[in-house]
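What follows is one structure encoded as C-alpha cells, with my remarks underneath.
We name chains A, B, ... by the order of the sequence lines, and we start the count at 1 in each one. Keep in mind it's a predicted model, so treat the numbers as computed, not measured. Every heavy atom of this structure was used, including side-chain atoms; hydrogens, water molecules and symmetry mates were not.
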Amino acid sequence: MKDFYDVAIIGAGPAGLAAAKAASALGASVIILEREARCGGILNQCIHDGFGLMRYHRALTGPEYAARAIDELEGMRIDILTDAFVSQLVDNGDKKAIIVITRSGLLTINTASIVLATGCRERTRGQIRTPGSRPSGVFTAGLAQSFVNLKGMDIGHRVVILGSGDIGLIMARRLTLEGAKVLGVYEILSKPCGLKRNITQCLYDFGIPLETGMTVSRIIGSKRLEAVEVSQVDSDMKAIDGTARIIECDTLILSVGLIPENELASDLGVKLDPKTNGALTDAILQTSVPGVFACGNCRKVLDLADLVSRQAETAGANAARHALGLGGYEEAAELDVSLPKGWPEKDVINCTLCPRGCSIAFKDGKALGYGCKRGLEYAKTELVSPMRTLTATVLDSKGHCVPIKSSVPVPRSSLVLLRQALKSVRLADHHSGQVACTIDGIEFLSAENG
Amino acid sequence: MRYDVAIIGAGAVGCAIARELSFFKLKVAVLEKSCDVAFGTSGRNSAVCHAGFNNKTTSLMARFCVEGNRLMEGLCQDLGVEYRKTGKFLIGFDEADMRTLEALVEKGKANGCTGLQIVGMDAVHAKVPGVGGIGAMSSPNTAIFDTFGYTVALAENAKANGCDFYFSHAVKSVSEGPDPYRFIIDGAIEAKVLINSAGLFADKVSSLCGVDGYRIYPCKGQYYVYDKIADSTLQVPVYPAPRPGIGGLGIHLTPTIHGNVIAGPSADYQDDPEDYCTTKPVLDQLLSESSLLLGSLRPGQIIASYAGIRPKQAPPSQGGFMDFTIKAEQGRKGLVNLIGIESPGLTASVPIAMHVRDILIDHQRDFGLDMQARENPIRTRKAPVRFASLDREEQARLIKENPDYGTVVCRCQTVTLAEIKKAIDNVLGCRSIASVKYRAWPTTGRCQGGYCMTRIVAELMKSGLKAEEINLRDEGSNLFWGQAR
C-alpha cells in the first residue's frame with residue numbers, strides 16, 4: 001500500500017479488472033478497491049457459460065471469465081485491496097482522496113485519477129410499485145442467483161418470473177435445473193428483452209412459457225408468497241382491468257431492470273443521466289469531473305461482460321494518461337456489437353459458438369445462413385439432438401458451493417437428471433480447470449475463480 | 001408460570017406498560033403473537049411524535065399526547081433512541097383550510113400545546129422550499145423518531161428489570177382461575193392482572209376474558225417510501241390542513257429519522273385486521289396528493305411501499321376519532337382494557353403506561369398486588385452504535401476496537417457487521433430479517449436488501465438458525481425451503 005496512486009479503480013468486476021490492466025500497461029501505479037472478499041464481482045455468481053466469446057474466443061462460465069481477467073494482472077504492479085468499502089470520494093482538484101472502510105481501519109487513498117467501475121444494482125419490487133402484500137418469496141433475479149449458486153439455498157418450488165431480461169431467463173433455467181417448476185415468464189413490453197440464445201436455451205429447452213404484454217399486477221400471500229395476479233397491459237404499460245389471472249406460486253423472481261450504481265460518483269459531483277442514473281461521460285469516458293472516468297455498467301448497462309471489459313480498457317488507459325500527463329487519449333469504441341435479441345424466429349437456429357450468432361435455417365434439405373463449418377455442424381446437431389454444457393454448483397467437503405461445468409456438451413434431455421445426480425456429490429480435492437467429479441461417465445470440471 | 005401481571009401485546013404501548021411496571025417488585029410477562037416487538041401498528045405508521053393539537057380538548061388522547069410529546073425527548077435520550085425535533089407545518093390550500101388551521105391553534109392552546117402559530121408561506125419555504133399552499137400552521141414541538149428502536153428499547157429496559165417476554169405466542173384462551181391468579185392463559189400462564197394491549201385484536205382479547213361489547217374497526221393507511229432525499233428536500237414534516245371526518249391526518253410527507261421521506265397514509269376501513277396489502281388506486285392517490293404538497297417528488301425516487309392499520313373504535317358510519325378507552329373492567333376483576341389505541345397512541349405510549357400503572361396502584365388491594373417500588377430499577381438503555389452517523393475519528397477508533405466495524409454489510413445505509421451481530425444477539429431474540437432491520441436498519445435503502453440480504457442470512461445462520469428457519473418477517477414467512485447440505 002502506498003500513500004498515492006496514479007489511478008484508483010473502484011470495483012473489481014470485469015470493468016475494474018480490465019481498467020487496471022490497461023492503466024498499469026501504460027506505467028501508472030494502480031490500486032483496485034473491492035468491497036467483496038474476492039475479485040470478479042457479479043461474475044462469481046454467474047456460473048452459467050457463454051462469457052468470453054469475444055474476448056477469449058471460447059465459452060466460459062462467469063467465474064472462469066473472472067479468473068482469466070485476474071490472471072491477466074499477474075506480474076503487473078497493481079495493488080488489490082479486497083474487503084474494502086469505499087465510503088466517500090473527495091475532490092481536491094488535481095488530486096482526489098478516497099475514504100475506504102476496511103477491517104484494519106479507515107484508509108485515505110490519494111490518487112490523480114479515479115475509474116468508476118461500480119457496476120449496477122437491480123430494480124426492486126418497490127421501484128416498480130407492484131401493489132399487494134409483502135410476503136417472503138419475492139426475489140430480484142440477481143439476489144436469487146446469489147442465494148442459489150453461492151449458498152446452495154432452495155429458494156422456491158413453483159416460480160413465476162417477471163421480466164424477460166437475460167438474468168430472468170438464466171434464472172428460469174437455473175431454478176428448473178435445481179428442481180423447481182417455472183410456471184412462466186411475463187414481460188411487460190411487447191417483445192422479449194433477452195438474447196435469442198437465452199430464450200432458446202433457458203426457456204424453450206425446458207418448455208417454459210413466455211408471454212409478452214403482461215405484468216404482475218398484484219402480489220398475494222401474507223407470509224410466504226401464495227400467488228401472483230398477472231394482467232395484460234395497455235400501451236402505457238398499465239394493467240388492463242378484466243384481464244387478471246391468478247397463478248399459484250411460492251416464488252416470484254423479478255428481472256425488471258438494472259440501475260447504474262453511482263451514489264459515490266454523484267457525491268463527487270459527477271453528472272448522471274437523469275433517466276438511467278448512468279454516469280455521463282465524453283468520448284474518452286471521462287465524467288463531468290476531470291480525472292474521474294467511468295466504464296461498464298455504472299456508465300450504461302451493457303449486454304455482455306466482454307463489451308464491459310473492452311470499454312474498461314479504454315477508460316483505464318485514459319485514466320493513466322490523465323494521471324501521467326500523457327497525451328493521445330483514445331476514444332471509446334461504439335459498442336453496438338451485440339448478439340441478437342427478442343423472439344427466436346421459427347425454424348431458425350441461432351448459433352451460439354461465436355459472437356456473430358448466425359441465424360441458420362434449413363430449406364429443402366439445404367442449410368442457409370451459416371458462417372462457418374462449425375456453425376453448420378452445430379445447426380445439424382441442434383436439429384436432431386441438441387447438446388448443452390451443464391453448469392451447476394456442488395458442495396465440497398467444507399460445505400462450500402463450487403461451480404462446475406461438463407467438460408463437453410451433454411444431451412439437452414439429460415440436463416435435469418444429471419443436475420439432480422450431482423446433488424449427492426461431495427467434492428474432495430479440486431482445482432480450477434481440472435476434473436472435479438464424474439457422473440454417468442461425464443466429466444465435470446471445477447470452474448472456480450481462483 | 002405465575003405472574004402478577006400479564007400484558008397482551010408487545011407494541012409500543014404494551015412495552016411501555018411493561019417498562020413502567022418493571023420499576024415495581026412485580027412479576028410481569030408480555031405475550032406477543034408475533035416473533036418480535038413492534039410488528040403491528042407500532043411499526044407501521046408515520047413515526048412522528050405529535051404535539052397534541054389535533055385531538056378533542058379534555059380527551060385522553062389530547063392529554064396523553066401533549067404529555068407524551070413533553071416527555072419523549074428525555075425518554076429517547078434515556079433509552080438511546082434517535083429523535084429529532086423537526087417541528088411541522090400544516091398547509092392550507094384555501095381560505096376554508098386557513099380557518100381550520102386558526103381553529104386548530106386555539107384547540108391546541110386549550111390542549112396545552114405551546115408555540116403553535118399561523119405563518120406565511122415564506123416561513124414554510126425558508127425550511128421546505130417548493131411546498132404548495134397559501135399559508136400554514138407551524139407546530140414547533142412536533143418531532144420525528146425511530147419508532148422501532150423506541151419499542152425495542154422499552155422492551156429491553158423492561159427485560160433488564162426482569163420482565164419476561166413470550167414471542168410467537170398468540171393468546172387463544174383465557175380461563176378463570178381461583179383468586180388471586182384469576183387469569184389462566186392458554187392453560188399455562190397464570191396472572192393476577194391481565195392488561196389487554198392487543199391493538200387490532202383488543203376487542204377479541206377482551207371477549208376471551210369474558211368482557212364483550214367492544215369492537216375494533218381496522219382502518220388501513222398506505223405509504224410510499226422515497227429514497228434518501230430528506231436531507232436535501234424535506235427536513236420538516238408537512239401535512240395538509242385536516243379535513244373533517246377522515247379519521248386520519250390526511251396524506252402527508254414526513255422525513256424519517258433515517259433520511260427517507262414517507263408519503264401517506266390513506267385511510268380506508270376494512271374488515272380484516274391483518275390485511276396489509278397495498279392497492280393500486282390508493283398508491284396512485286398517494287402519488288398525486290403528495291405531489292400537491294411537494295411538486296419536486298418524482299415517482300422514480302420511490303423505493304418501497306407499506307401499509308399500517310389503525311385499531312379504531314369509531315365505526316365507518318361515524319368516522320373521525322373516538323377517545324382511547326383505558327379502564328379496569330367491572331365485569332372481570334383484574335382485567336385492564338386498552339381499546340382503540342390508534343394515533344396518537346405512539347406519542348402517548350408512556351403517559352398511557354403511567355395511567356395504567358396508576359390504575360393498578362388504585363386497585364392493588366382488590367387485585368391482590370403489592371405495588372412496591374423496585375430498588376434502583378434500570379431506567380435507561382445504552383444506545384446501539386450507528387456507525388454511519390459517527391465522524392471519521394470515532395469510526396476509526398471503533399474499527400481498531402472491533403474489526404467487525406470495518407466490514408460494511410448494508411451498503412445503502414452503511415451498516416457494519418458489528419452492528420448486525422449486535423442486532424442478532426439481542427436480549428429479545430432474533431430469527432427474522434425484519435428483527436435485524438428494526439434494530440440496525442439494513443435492507444431499508446435503495447437496493448432493498450439486494451446487497452446485504454445474503455450477508456444477513458449468513459450471520460443468522462452463524463447464530464444457529466437453519467436456512468429454513470430464517471424468516472423475512474413473522475413466523476411462516478420463510479425465505480428458503482432448505483439448503484444443500
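Interface residue A/Arg121: only side-chain heavy atoms are found under 4.5 Å from chain B. With a 4.5 Å cut-off on non-hydrogen atoms, B/Asn478 touches chain A through its backbone and its side chain both. Only the side chain of B/Arg473 has a heavy atom closer than 4.5 Å to any heavy atom of chain A. Only the side chain of B/Leu417 comes within contact range of chain A, with heavy atoms under 4.5 Å apart. For B/Thr279, the part sitting under 4.5 Å from any heavy atom of chain A is the backbone (N, CA, C, O) and nothing else. Both the backbone and the side chain of B/Lys280 come within contact range of chain A, judged by heavy atoms closer than 4.5 Å. Of the atoms belonging to A/Asp250, it is side-chain heavy atoms, and not backbone ones, that fall under 4.5 Å from chain B. Contacts between A/Gln88 and chain B at a heavy-atom distance below 4.5 Å involve the side chain alone, from C-beta outward. When heavy atoms are compared at a cutoff of 4.5 Å, A/Gln127 approaches chain B by way of both its backbone and its side chain. Using a 4.5 Å cut-off between heavy atoms, B/Leu283 contacts chain A through its side chain alone, with no backbone atom that close. Only the backbone of B/Glu475 comes within contact range of chain A, with at least one heavy atom under 4.5 Å from a heavy atom of that chain. Looking at B/Leu287, only its side chain comes within 4.5 Å of chain A, counting heavy atoms on both sides. Both the backbone and the side chain of B/Arg446 come within less than 4.5 Å of a heavy atom of chain A. Interface remark: A/Thr393 contributes no atoms to any contact with chain B (heavy atom separation under 4.5 Å). Heavy atoms closer than 4.5 Å to chain B are found in both the backbone and the side chain of A/Ile155. Heavy-atom distances place the side chain of A/Arg426, and not its backbone, under 4.5 Å from chain B.
Counting heavy-atom pairs under 4.5 Å between each of B/Arg411, B/Met453, B/Glu274, B/Lys400 and chain A puts B/Arg411 at the top. Of the listed residues (A/Gly105, A/Gly156, A/Ser133, A/Gly132), the greatest number of heavy-atom pairs within a distance under 4.5 Å of chain B belongs to A/Gly132. Of the listed residues (A/Arg134, A/Glu178, A/Glu122), the greatest number of heavy-atom pairs within a distance under 4.5 Å of chain B belongs to A/Arg134. Ranked by heavy-atom pairs shorter than 4.5 Å toward chain A, the options B/Gly482, B/Ala307, B/Ala304 are led by B/Gly482. Most heavy-atom pairs under 4.5 Å with chain B: of the set A/Lys423, A/Arg125, A/Glu263, this distinction falls to A/Glu263. Residue with the most contacts toward chain B among A/Ser146, A/Gly126, A/Gly142, A/Pro135: A/Gly126 (heavy-atom pairs, distance under 4.5 Å).
Residue-level contacts of residues 214-232 of chain A with chain B, in order of numbering, are A/Lys223, A/Arg224; threshold 4.5 Å between heavy atoms. The contact list for residues 401-408 of chain B toward chain A, using heavy atoms and a distance under 4.5 Å, reads B/Pro403, B/Asp404, B/Tyr405, B/Gly406, B/Thr407, B/Val408 by residue number.
For A/Asp234 (side chain) and A/Lys238 (main-chain N/O), a donor-acceptor pair under 3.5 Å exists by modelled atom type. With B/Asp284 contributing its side chain and B/Pro281 its backbone, the two residues share no donor-acceptor pair below 3.5 Å. Side chain of B/Thr443 to main chain of B/Lys437: no donor-acceptor pair is present (N/O by atom type, distance under 3.5 Å, no hydrogens or angles). With hydrogens and angles disregarded, a donor-acceptor distance shorter than 3.5 Å links the side chain of B/Glu32 to the backbone of B/Ser34. Here the side chain of A/Gln45 pairs no donor or acceptor atom with the backbone of A/Leu150 at under 3.5 angstrom. Side chain of B/Asp36 to main chain of B/Cys430: no donor-acceptor pair is present (N/O by atom type, distance under 3.5 Å, no hydrogens or angles). Formation of a donor-acceptor pair under 3.5 Å by the A/Thr82 side chain with backbone atoms of A/Arg38 is not found in this model. With hydrogens and angles ignored, the 3.5 Å screen pairs a side-chain donor or acceptor of A/Asn277 with a backbone N or O of A/Pro260. A side-chain donor-acceptor contact under 3.5 Å links B/Asp275 to the backbone of B/Cys277.
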Can you check side-chain hydrogen bond (donor to acceptor under 3.5 Å, both in side chains) on B/Gln448 and A/Thr124, steps first, answer last?
CA-CA 7 Å; B/Gln448 290 284 294; A/Thr124 65; 5.5 Å; no
Please report the C-alpha distance between A/Leu258 and A/Ile167 in whole Å, then the side-chain angles of each, then the deciding distance to 0.1 Å, and finally whether the side chain to side chain contact (heavy atoms under 4.5 Å, CB included) criterion is met.
CA-CA 10 Å; A/Leu258 299 170; A/Ile167 323 169; 3.9 Å; yes
Would A/Leu427 and A/Cys437 count as a side chain to side chain contact (heavy atoms under 4.5 Å, CB included) here? Give the steps.
CA-CA 7 Å; A/Leu427 296 185; A/Cys437 62; 3.9 Å; yes
Step by step, work out the side chain to side chain contact (heavy atoms under 4.5 Å, CB included) result for A/Leu106 and A/Thr108.
CA-CA 7 Å; A/Leu106 271 194; A/Thr108 302; over 6 Å; no
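Looking at every heavy atom in both residues, B/Val409 comes nearest to B/Cys452 through O-CB, 3.1 Å.
With rounding to the nearest 0.5 Å, the separation of NZ in B/Lys33 from CG in B/Asp474 is 6.5 Å.
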Validation: residues 456-466 of chain B side-chain donor-acceptor distances under 3.5 Å, sequence neighbours left out:
| from | atom 1 | to | atom 2 | distance (Å) |
| --- | --- | --- | --- | --- |
| B/Glu459 | OE2 | B/Lys462 | NZ | 3.0 |
| B/Ser463 | OG | B/Leu460 | O | 2.6 |

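Using the six-membered ring where Trp is involved, B/Phe39 and B/Tyr438 have ring planes that are perpendicular, over 60° apart on the 30 and 60° scheme.
Here the side chains of A/Ser136 and B/Phe480 are not in contact, with every heavy-atom distance at 4.5 Å or above.
The side-chain tip of B/Arg431 does not point at the ring of B/Phe167 from less than 6.0 angstrom away and within 45° of straight on.
Among residues two or more places apart in sequence or in another chain, the ring-ring contact (aromatic ring centres under 6.0 Å, His included) test is passed with A/His400 by none.
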